[in-house]
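A short worksheet on the structure shown next.
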Number of protein chains: 2
Amino acid sequence: MPRSSDPPAPAAVTAAARSPTGRARRNTGRSVLSDVAKLAGVSTATVSRVYNEPDKVSANVRERVEQAALTLNWFPNAAGRALASTRSHIAGIIIPTLDDQVFASQVSGMQAAFAARDITLFLGCSNYDPAQALVQVRAMLARGVEAMAVVGEAHPAELFDALRLYRVPYAVTYAYREGSPHDCIGFDNHAAYAEITEHLIGFGHRSFAVCIQPTRDNDRVQARVAGIRSTLERHGLAVRPEHMLEGASTIAFGRASLRALWQLPGERPTAIICGNDHIALGVLREAEELGIAIPAQLSVTGFDDLAMSRETRPTLTTMRVDTYEIGQLAARHLLDALDGKPARKGYRVPVALQARESTGPCAA
Amino acid sequence: MPRSSDPPAPAAVTAAARSPTGRARRNTGRSVLSDVAKLAGVSTATVSRVYNEPDKVSANVRERVEQAALTLNWFPNAAGRALASTRSHIAGIIIPTLDDQVFASQVSGMQAAFAARDITLFLGCSNYDPAQALVQVRAMLARGVEAMAVVGEAHPAELFDALRLYRVPYAVTYAYREGSPHDCIGFDNHAAYAEITEHLIGFGHRSFAVCIQPTRDNDRVQARVAGIRSTLERHGLAVRPEHMLEGASTIAFGRASLRALWQLPGERPTAIICGNDHIALGVLREAEELGIAIPAQLSVTGFDDLAMSRETRPTLTTMRVDTYEIGQLAARHLLDALDGKPARKGYRVPVALQARESTGPCAA
DNA sequence: TTGTAAGCGTTATCAA
DNA sequence: TTGATAACGCTTACAA
């Protein structure tokens, strides 16, 4: 066989490299397992064992093989390995976007936990588009992922169907919902926003505005809005339609929202519940500009507890969530599933309200 | 063959599934290409063509194959495909950490650009540890990545040797250095900090402090410090050793640094150059606490131009870098290399100084 | 345009 | 403990 690592051979070999009807052998310059076997004077099976079941090989042989591999600069090819075994050592995660720190750190947590078990992570971003998420999941299945994590439940049924059809263990992250058909690893968005709402109602607020991310195709945000609504309802309250604003999770949206709310005719809200700290920071900033006293005239809440939120004047009341931990827990949950361990249905990760200066008694 | 998708067969088949000396056929319940071929009544080659060179197949046959694939719920297995062709359709990127937005958005840019060409991205985080970076690169090579991006040049020689040995096109991102042996796609850290320093010198500052990330194993930060130093030197100036502070890129480090600097005996700096906006935001915040007037008493600069930096009082002078674009450019550069297009040595991405309120004339 | 069959680099079964 | 070899699921050179 005309391998680069073979001993020098007559030119005629080139012709012999062609099999009767098959194609010519490719010459990549890369050594393969059989080269190592030849150099070490053992069979391919033995070389394989050295790397997969080392203690089934005598120390002497093992050393010879490792030496040979080193000289030839060889390491196992993952595609070949995946094909021959049933394991790909690949897991996948689909997140909406890396531009949001909460998802980035979730990926970070999964990555670390999987790496400790020699599993590499395929990353896909759906850009909040269910269709893209489905495409990405299909691509990952084709790549033979052994496990998958997807953010949220708001995905096409085909997505979960495919995962089940191919028996790939998966977890829904970031969101935890009682009664979900999936293994959820995250927090209860509904409860978290109910808690925020109660916190404000406790201060005597009765007129609320909400500045939040787009609800479309986003079960987490929908749950949050539902949490706010049902809590208010229990107190005989509701958010006026014109006080319900959806937009990007940016400082700019927060600023624009407050300005718009303040220009509206009629009664002004005394509390604004924001979809995250970026939006809330924008509201705080615009309030300063408009001369609105916080919390005297207006209470503001965020979500995520960015480092910045402890530093603003006034400091921001928000909810702390450990997304890195969510990633780690999800990875461990999936690893357990791969190990055939009895599976828990999921984990509810706790959130912690950080009551700070931006919320206070209602003046009105 | 005992495939789940095969027509019902006599029980005897189970025995026949064993080849004379080989192992039994695996029964995964998953259809494979040959199942599709059988169902469509064509050869395996034809099925393959339908997906790889569709116009070499008659419309009639193509339709039959696609129908069969649909019924069997089949799609090509990436490992098999990678093994048979020479393409894996995988690229890799190694970044220090996802916790820093600049790297997260770089990954985001690469991901998008690669996805448009049907290439999936393997993600690795080195946690600023050269040894981990090397391990990750090796893992990616084993997985058959077709191209790689690594952040920065400060990596073990073996890392780049391995990449070259296996002829995997790679790019060094985030940093651009004239005369680098690698294809660099990023900005010139040295020049960027030289520009910041000149900006401050132009305001008459002569006593500087630097609050920056750890320089160890980090060529980008080293280049920044060198940029500051050489610029000062040209003006006969230097940073006193006690005014040179290294630490995490956090608000907390910024705050602690300013407090420490202000407690130091001797002449105080009139300008502080920070390694990024987080640190600078901390300095700004602590200055407010300590009653230090900015920029009257002290000028402060950041780096990265976070959205927040436009919103603080005073607003922060900083440098804008488009890291998402760096990711996109890197991906395109690597795609060009894969396409065999004439390779540019790299790209120098521009940075733009955002002169804002936190810098001004030196009062001293 | 379509079919045949070797070959991609491993693992795993069975026999020695 | 080690070796021989089929099989993993696909692509591709060549023949038809």
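Proteins get letters first, then strands, A, B, ... in listed order; numbering begins at 1 in each. In this text, all values refer to a predicted model and were calculated from it rather than measured experimentally.
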Out of D:dT5, D:dT12, D:dC8, minimum distance to the side chain of A:L83 belongs to D:dC8

- A:F75 and A:Y51: CA distance, side-chain angles, deciding distance, ring pair (Phe, Tyr, Trp, His ring centres under 6.0 Å) verdict: CA-CA 10 Å; A:F75 45 75; A:Y51 292 88; over 10 Å; no

Against the side chain of A:S85, the closest entry in C:dA12, C:dG9, D:dT1 is C:dA12

B:D217 meets the side-chain contact (heavy atoms from CB on, under 4.5 Å) criterion, sequence neighbours left out, with B:P130

A:T44 has its side chain closest, among D:dT11, D:dT5, C:dG3, to D:dT5

| request: Determine, using ring centers only, whether A:F122 and A:F114 are less than 6.0 Å apart. | output: no

Practice item. Could you tell me whether the phosphate oxygens of D:dG3, OP1 or OP2, come under 4.0 Å of any side-chain nitrogen or oxygen in A:T46? Key: yes

Whether B:S48 side chain and B:T44 backbone form a donor-acceptor pair below 3.5 Å:
no

From the candidates D:dG3, C:dT10, C:dG7, the one with an atom nearest any side-chain atom of B:A84 is C:dG7

Overall bend of the helix from C:dT1-D:dA16 to C:dA16-D:dT1 (five pairs an end, 10° steps) is 30°

Original post:
OP1 or OP2 of C:dG9 sitting under 4.0 Å from any side-chain N/O of A:S34?
Top reply: no

Against the side chain of A:R49, the closest entry in C:dT4, C:dT10, D:dG3 is D:dG3

With sequence neighbours left out, the residues meeting side-chain contact (heavy atoms from CB on, under 4.5 Å) with A:K341 are A:D336, A:D339

Are OP1 or OP2 of C:dT11 and a side-chain N or O of A:N52 less than 4.0 angstrom apart?
yes

The reported gap from CG in A:L83 to OG1 in A:T86 (rounded to nearest 0.5 angstrom) is 11.0 Å

task = For B:F75, answer base if it contacts any base atom (sugar-phosphate contacts may also be present), sugar-phosphate if it contacts only those atoms, and nothing otherwise; contact means non-hydrogen atoms under 4.0 Å.
result = sugar-phosphate

Side chain to side chain donor-acceptor pair (under 3.5 Å) filter on B:R87, not counting sequence neighbours, yields B:E146

- Query: Using a cut-off of 4.0 Å on non-hydrogen atoms, how would the nucleic acid contact of A:V57 be classed: base, sugar-phosphate, or nothing?
  - Reply: sugar-phosphate

Of all heavy-atom pairs linking A:A133 and A:H155, the shortest is CB-ND1, 3.8 Å

Out of C:dT11, D:dA13, D:dC10, minimum distance to the side chain of B:W74 belongs to D:dC10

Regarding the side chain of A:S43, the nearest nucleotide among D:dC10, C:dT4, D:dG3 is D:dG3

Residues at least two apart in sequence or cross-chain that pass salt bridge (Lys or Arg N to Asp or Glu O under 4.0 Å) with A:R164, listed by chain then number, are A:D161

In numerical order, the residues of residues 60-71 of chain B whose heavy atoms come under 4.0 Å of DNA chain D are none

Closer than 4.0 Å, any side-chain N/O of A:S58 to the OP1 or OP2 of D:dT2?
yes

Per atom distances to the A:L33 side chain, the nearest of C:dT10, D:dT12, C:dA12 is C:dT10

